[in-house]
Amino acid sequence: MSFAELLASFIGRTVEVYFTSNPPIIGTLASVDDCIFTIQINNTYYYSPPVIVTIVADQIDYVRVVA
């Protein structure tokens, strides 16, 4: 089982994505491809809609599934 296949089983759940040099990204896992995945995060502005963030799998340290 590859990392993408494992991660795809958690679509729709809250995840935390950790990087070496950047703060973590917390949001809902939206989709998974072979080398990229997308997370829907809430924008920090009060009335802004959620934002979709695309992450390259090679750039992360680890992913924690929260709920």
Side-chain angles (χ1 to χ4, degrees):
M1 178 180 284
S2 69
F3 177 70
E5 293 171 341
L6 178 66
L7 198 58
S9 66
F10 296 108
I11 290 177
R13 296 182 65 184
T14 301
V15 294
E16 297 175 352
V17 181
Y18 290 88
F19 305 91
T20 302
S21 59
N22 293 323
I25 296 174
I26 301 169
T28 304
L29 186 61
S31 68
V32 177
D33 287 329
D34 286 335
C35 60
I36 62 170
F37 56 96
T38 59
I39 296 177
Q40 180 178 353
I41 62 172
N42 291 328
N43 204 345
T44 56
Y45 299 109
Y46 188 68
Y47 288 110
S48 296
V51 176
I52 298 290
V53 176
T54 302
I55 300 172
V56 178
D58 292 341
Q59 296 178 348
I60 63 170
D61 286 336
Y62 64 94
V63 176
R64 178 176 174 242
V65 178
V66 179

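Worth saying up front: this structure is predicted, and the values here are computed from it rather than measured.
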### Query
Below 4.5 Å, heavy atoms only, C-beta onward: do Phe37 and Val15 meet side chain to side chain?
no
### Message
Hydrophobic clustering (ILVMFWY, side-chain heavy atoms < 4.5 Å, transitive) - are Phe19 and Ile52 grouped together?
### Response
no
### Query
In terms of hydrophobic clusters joined by side-chain contacts under 4.5 Å, are Ile36 and Phe3 together?
no
Could you list the donor-acceptor pairs under 3.5 angstrom formed between side-chain atoms of residues 21-33 and any protein atom two or more places apart in sequence or on another chain?
| from | atom 1 | to | atom 2 | distance (Å) |
| --- | --- | --- | --- | --- |
| Ser31 | OG | Thr38 | OG1 | 2.6 |

### Task
Just grab all the salt bridge (Lys or Arg N to Asp or Glu O under 4.0 Å) pairs involving residues 15-32, residues at least two apart or on different chains.
Glu16-Arg64
### Query
Do you know the tightest heavy-atom contact between Ser9 and Leu6?
OG-O, 2.5 Å
### Task
Only counting residues at least two apart or in another chain, list the ones meeting side-chain contact (heavy atoms from CB on, under 4.5 Å) with Ser2.
Ala4, Glu5
### Query
Taking atom CD1 of Ile55 and atom CG of Leu7, what is their separation to the nearest 0.5 Å?
9.5 Å
### Task
Kindly give the cluster partners of Tyr18, where membership spreads through any ILVMFWY side chain lying under 4.5 Å from a current member.
Tyr62
